[in-house]
Trainee: 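Supplied in structure tokens, the structure appears directly below.
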There are 2 protein chains.
Amino acid sequence: MTEHFTICFLPAGLRGEVPRGTPLREAASALGLEIESLCGGRASCCRCRVRVLEAEEAAEHGTQSSGAHVSPLCDAELRARTSGRLGIQERFSCQARIEGELVVFVPEDSRVGRPIVRKRAGERACALAPAVHKYFVELVPASVGEPRGDWDRLHDELCTRFGLDVALTVDPVALRSLAEALRTERGRLTVTVWQGREVIRFEPGFRERALGLAIDLGTTTLGALLCDLDSGEVVSQSSAHNPQIRWGADIMNRIASTKPPGQLAAMQRAVAEAIGELARDATLAVGARPEDVVEVVVVANTVMHHILLGLDVHSLGVVPFCPTISRSLDVKARELGIPVLPSANVHLLPIEAGFVGADNVAAVLAAAPHESDTLTLLIDIGTNGELVLGNRHRLLSASCPTGPALEGANIRFGMRAARGAIEKVRVDPATHEVRFRTIGLPRWSDRLQPGEISARGLCGSAVLEAVAELFRAGLIDSTGRLYSERPCRRLRQNVDGMWEFVIAWAEQTAIGEDITLTQADVRAIQLAKAALYAGSRLLLDRFGAERPDRVVLAGAFGSVIDLERALAIGLFPDCGLGNVTAIGNAAGDGARMALLNVAVREEAGSLARRIEYLELSTARGFNDAFVAATQLPHAEDRFPSTETGWAPRAATD
Amino acid sequence: MTEHFTICFLPAGLRGEVPRGTPLREAASALGLEIESLCGGRASCCRCRVRVLEAEEAAEHGTQSSGAHVSPLCDAELRARTSGRLGIQERFSCQARIEGELVVFVPEDSRVGRPIVRKRAGERACALAPAVHKYFVELVPASVGEPRGDWDRLHDELCTRFGLDVALTVDPVALRSLAEALRTERGRLTVTVWQGREVIRFEPGFRERALGLAIDLGTTTLGALLCDLDSGEVVSQSSAHNPQIRWGADIMNRIASTKPPGQLAAMQRAVAEAIGELARDATLAVGARPEDVVEVVVVANTVMHHILLGLDVHSLGVVPFCPTISRSLDVKARELGIPVLPSANVHLLPIEAGFVGADNVAAVLAAAPHESDTLTLLIDIGTNGELVLGNRHRLLSASCPTGPALEGANIRFGMRAARGAIEKVRVDPATHEVRFRTIGLPRWSDRLQPGEISARGLCGSAVLEAVAELFRAGLIDSTGRLYSERPCRRLRQNVDGMWEFVIAWAEQTAIGEDITLTQADVRAIQLAKAALYAGSRLLLDRFGAERPDRVVLAGAFGSVIDLERALAIGLFPDCGLGNVTAIGNAAGDGARMALLNVAVREEAGSLARRIEYLELSTARGFNDAFVAATQLPHAEDRFPSTETGWAPRAATD
């Protein structure tokens with residue numbers, strides 16, 4: 001009978017009896033701890049390194065151990081140690097064999113499925129289990145007695161050595177590079193496999209790096225997170241405007257623009273190329289090439305999703321807003337014209353329903369209301385306001401027709417959140433004087449000379465703050481009317497006879513005219529907040545709850561608005577300021593999670609099916625709630641008493 | 001307990017007890033007889049028609065029956081009968097229910113997996129089981145309460161109604177036409193499914209027709225058979241020269257031509273476009289469009305196969321002639337740039353080894369040596385001569401370097417088998433006078449005025465016949481030397497001093513000069529026949545057999561050569577003239593079979609693995625056998641005594 005020895009793996013503390021001669025990696029696997037390997041145990045990839053603890057260290061853990069309890073270094077380990085790739089106590093766990101009792105430390109980098117380090121609060125941790133894996137192979141060359149083709153021999157090697165399923169296929173475009181990859185390093189090559197079932201890349205020699213791209217495709221902007229699929233880290237980011245803006249700023253205009261022949265294809269190409277630009281920028285930043293991107297995950301609203309796939313969007317413009325496909329989908333990058341690895345797959349997360357798209361599913365993944373008993377109201381403010389209300393037991397969703405006001409569009413002096421945009425506004429309730437802050441400048445306007453400011457317009461958060469401040473100052477009444485009981489030099493009628501309030505005087509601007517907030521702008525904000533509030537109210541009613549336990553704001557807008565002032569004008573149901581958090585680009589985070597873990601894709605599919613969608617435009621009671629919510633709440637009732645908003649602040653504020 | 005009745009299905013004679021109320025189609029299925037249906041039992045497709053036999057007819061079969069033993073006509077059947085689509089005794093077997101004992105006749109057209117009618121002797125019959133099936137669906141429209149996308153609802157309908165696997169996917173390009181297909185006939189649409197696992201086409205309304213294309217891609221020519229996938233019939237044919245000829249006439253030249261950058265892609269495009277032209281011509285002939293071709297099967301030699309896939313072919317030019325891939329492969333038509341239905345799959349049959357390609361596998365499928373105890377030598381003569389020797393127990397193959405002489409290439413006045421080519425030659429042993437026949441003319445040259453003939457050159461079969469005839473006439477000796485003991489006005493030295501024999505005088509030609517057979521031409525034929533003969537000999541030795549039981553000649557050349565004269569010069573081992581048959585374009589036939597029956601594809605894969613490949617260039621003994629076989633056999637010994645070749649024939653001969 002074979003002799004058995006006790007082996008203990010740290011830091012997990014796994015312990016068990018293993019027969020003499022078992023390789024450490026195999027022993028770990030038998031105890032339920034998987035150690036990485038790209039080369040399938042051929043001592044080539046350096047990925048299965050472990051530290052065999054010396055006797056004195058082992059003794060501390062209550063086990064006797066020494067160098068003699070493990071097989072001597074093999075040639076490959078000796079070479080790796082000489083070249084410095086293998087540390088002094090380190091061993092290849094595929095080579096080192098058990099010859100006695102041992103304590104082995106397995107570094108995190110060598111473990112399969114290790115958790116990704118959280119980057120910041122609010123970011124949900126997920127284990128690393130990407131769709132794409134690399135395998136290092138040394139293929140026996142063809143010979144006269146072996147008539148099978150290169151792929152056929154490689155296929156069998158992959159199945160035998162790495163346990164891949166015999167149904168493993170090869171992408172026909174990737175196949176074109178096999179012959180050259182084999183020639184370059186005499187049969188040594190790295191094979192990239194997607195979902196364990198399709199080979200998508202052949203590279204000569206040993207190539208460890210695999211990059212993935214998570215794309216948040218919005219109506220106005222595109223964001224990309226470039227991830228190292230091996231570490232789970234975001235290695236670079238890039239963003240750009242959606243080039244489809246030239247076909248219309250909002251969803252309905254985009255839908256209308258697809259009608260003339262060829263336009264849909266042109267819009268598809270534009271966005272595919274824009275994603276390609278993001279891939280180029282993001283890879284360039286880390287010294288890689290777009291071809292190194294081996295998988296892309298895209299989240300988008302339904303219309304952007306359909307246009308990217310080249311699908312007809314007409315039905316998305318009319319009740320019941322039915323998409324052509326709602327489940328998730330994998331499409332080759334080359335089919336979509338996205339210039340990354342041509343054989344890379346683009347995974348599109350599922351759509352919930354109509355206007356509630358994959359971006360919302362991704363935001364739910366990131367905010368994870370379904371993992372808690374807390375009743376969460378998730379608000380994702382983009383060109384539409386998408387709501388999800390629920391907990392682990394039930395999830396409801398709705399899409400609110402907020403219009404683009406909260407993004408600074410359709411506002412007299414509105415603009416996107418870019419350099420020169422006013423982003424914060426304060427109005428003195430006594431003097432009606434104004435101070436503001438501009439993106440790109442470190443100080444408030446009252447600490448700068450007028451000529452130093454060069455404001456260009458109002459971004460969404462400034463419009464919202466201005467309405468809240470004017471309401472508190474008594475310059476807007478609860479119906480939303482701009483008026484003043486006493487003279488106010490900033491309140492006036494413009495050439496069209498419309499009332500407006502001056503935020504920035506001409507000399508403080510780069511546009512040579514006063515930047516104002518008009519009566520129409522106030523109305524636009526009222527409609528937007530009424531839509532969000534009424535939508536939230538209806539979801540709460542449907543859920544049978546009075547108020548949410550917490551509110552989570554997703555999206556860029558949610559990150560920059562002043563939560564107190566948002567509550568002050570009743571943008572969403574009040575649940576106490578302490579229970580409101582902004583989680584930033586949750587859709588992008590959800591895309592990243594789906595990129596790094598295939599189980600998250602399953603979760604997305606199950607969420608998309610589970611979330612009950614409430615169509616507001618036809619829901620009983622929505623219109624009444626909407627009309628009621630256009631009223632601004634009473635100032636004293638809501639306004640936070642802790643902050644007057646007017647005390648001079650530090651220059652860095 | 002439910003009442004049961006005896007039902008009998010003709011012509012199969014299946015009989016069983018079935019509960020009252022069972023639809024006829026279901027009853028047939030329970031007895032093991034599958035009846036067609038595209039609509040899944042919705043009385044829409046007219047495909048499940050059966051004839052319910054009247055009482056008197058039923059009585060003849062010993063069973064009592066009448067109209068009352070079956071449920072009354074439903075509305076859809078009444079409409080179909082009024083419009084003439086349903087005959088007087090016919091019923092939809094999905095609608096008609098059993099109410100008493102019945103005899104039902106199931107026409108062949110309504111049966112699943114019915115055998116294809118053989119067209120001619122030598123053509124192997126195979127059951128009809130194509131990879132592509134159509135399903136007719138009436139999809140419930142989207143509604144506010146049903147947030148799933150069109151595809152999601154359709155997917156579930158296909159799985160529920162037709163039992164398709166839930167893993168059913170949709171081609172992303174096909175998906176683009178779903179919305180329009182649904183709109184056009186208010187949810188009534190026909191869905192084309194490939195291999196039960198991927199939807200490749202959406203058509204509005206009920207569309208029955210499905211076409212497939214079988215392509216034989218040769219070095220010099222391309223042949224296409226357009227098949228109706230519903231009947232199994234070849235509905236039209238087309239052929240063309242391989243446009244890659246401008247990159248070299250033979251395989252080795254083609255390989256060399258791929259080296260400069262961009263050339264491989266250009267050659268790939270050229271052949272993909274040529275296949276597109278064939279698809280256009282063949283579909284036009286039956287009033288269809290190339291987009292109606294829903295699957296393509298291609299057989300080709302290894303180099304043509306690789307170039308079509310855009311694969312590197314360098315390794316195919318050097319020992320061990322290893323292909324990049326040898327197993328079968330499915331690639332989207334659009335990936336290859338073949339202008340048929342973009343989502344159609346192109347199935348490439350497997351390669352055996354090196355130069356023995358999928359065309360040879362297809363020829364084996366058609367000739368089926370593996371289904372018999374008879375030892376068959378299959379010779380497929382193209383630019384290479386490919387041999388398969390074997391029976392149901394063992395199969396050996398080899399590729400003989402015949403050179404292109406048998407195709408009329410590298411011959412002084414050689415040309416392809418086209419209008420104006422001399423295809424048959426007779427030489428009078430006594431007078432040394434010549435008569436010949438030209439492609440396109442109904443009479444021999446001695447029955448025509450010289451000016452009526454307009455010969456342009458010699459095709460391969462004429463070159464072979466000329467050598468055989470000159471050998472018999474004593475104008476070629478057994479070493480292949482052209483000479484004459486007595487004066488012969490047709491035998492002369494040309495300007496280069498080379499001996500040549502005049503086949504056609506200048507006035508009989510369209511080229512203004514004498515068409516001759518030169519000494520070099522004779523040598524080329526000797527080398528070709530020596531390669532074939534020595535290859536066959538080696539395979540026989542390896543098999544342990546003295547001679548084959550039968551010889552089957554495949555390929556265009558095999559169909560036009562005179563078998564007696566081929567035997568006379570020793571083109572292949574003699575097994576008696578009665579045991580030699582030509583089966584024409586066997587590769588094309590094999591492709592057609594694989595198109596019509598997915599099981600044949602499995603068979604091809606198993607054949608490709610089973611056939612043992614013998615590499616002649618490195619095989620011991622091949623060179624000696626080759627040198628010995630360059631000798632022409634003794635005339636009296638071999639020449640058939642029954643036919644002198646000189647007696648005047650009927651004008652239509």
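To find a chain, count down the sequence lines: A is the first, B the second, and so on, and within it residues start at 1.
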Trainee: What part of His155(A) gets closer than 4.5 Å to chain B, counting heavy atoms only: side chain, backbone, both or neither?
Mentor: side chain

Trainee: Counting only heavy atoms closer than 4.5 Å, note whether His314(B) contacts chain A via side chain, backbone, both or neither.
Mentor: side chain

Trainee: Working note: Asp312(A) + Arg183(B), criterion side chain to side chain contact (heavy atoms under 4.5 Å, CB included); need CA distance, chi angles, decisive distance, verdict.
Mentor: CA-CA 11 Å; Asp312(A) 193 317; Arg183(B) 263 199 303 271; 2.8 Å; yes

Trainee: Would you find more than 12 non-hydrogen atoms of other residues, nucleotides or ligands less than 6.0 Å from Arg610(B) atom CZ?
Mentor: yes

Trainee: Can you check whether anything in residues 327-340 of chain A gets within less than 4.5 Å of chain B, heavy-atom wise, and list it by number?
Mentor: Arg327(A), Leu329(A), Val331(A), Arg334(A), Glu335(A), Leu336(A)

Trainee: For atom CZ of Arg542(B), is the number of surrounding heavy atoms from other residues, nucleotides or ligands below 6.0 Å larger than 12?
Mentor: no

Trainee: Working to the nearest 0.5 Å, report the span between CG of Leu311(B) and CH2 of Trp151(A).
Mentor: 12.5 Å

Trainee: Of the listed residues (Pro172(B), Ser315(B), Gly149(B)), which shares the most heavy-atom pairs with chain A below a 4.5 Å separation?
Mentor: Gly149(B)

Trainee: Given heavy-atom pairs under 4.5 angstrom as the criterion, report whether the side chain, backbone, both or neither of Arg153(A) touches chain B.
Mentor: side chain

Trainee: Please report the C-alpha distance between Asp150(B) and Ile325(A) in whole Å, then the side-chain angles of each, then the deciding distance to 0.1 Å, and finally whether the side chain to side chain contact (heavy atoms under 4.5 Å, CB included) criterion is met.
Mentor: CA-CA 6 Å; Asp150(B) 293 330; Ile325(A) 183 167; over 6 Å; no

Trainee: Is Leu178(A) in contact with chain B via its backbone, its side chain, both, or neither, using a 4.5 Å heavy-atom distance?
Mentor: side chain

Trainee: If every non-hydrogen atom of Ser143(B) is compared with every non-hydrogen atom of Pro320(A), which pair is closest and at what distance?
Mentor: C-CB, 3.5 Å

Trainee: Determine the minimum heavy-atom distance between Ser326(B) and Asp152(A), stating which atoms define it.
Mentor: N-OD1, 2.6 Å

Trainee: Take atom CD of Glu180(B) as the centre, draw a 6.0 Å sphere, and report whether it contains more than 12 heavy atoms from other residues, nucleotides or ligands.
Mentor: no

Trainee: Considering only heavy atoms, give the residues of residues 188-198 of chain A separated from chain B by less than 4.5 Å, sorted numerically, with 'none' for an empty result.
Mentor: none

Trainee: Considering only heavy atoms, which portion of Thr618(A) lies under 4.5 Å from any heavy atom of chain B: side chain, backbone, both, or neither?
Mentor: side chain

Trainee: Go through Pro141(B), Gly310(B), Pro350(B), Ala142(B) and name the one with the most non-hydrogen pairs under 4.5 angstrom from chain A.
Mentor: Gly310(B)

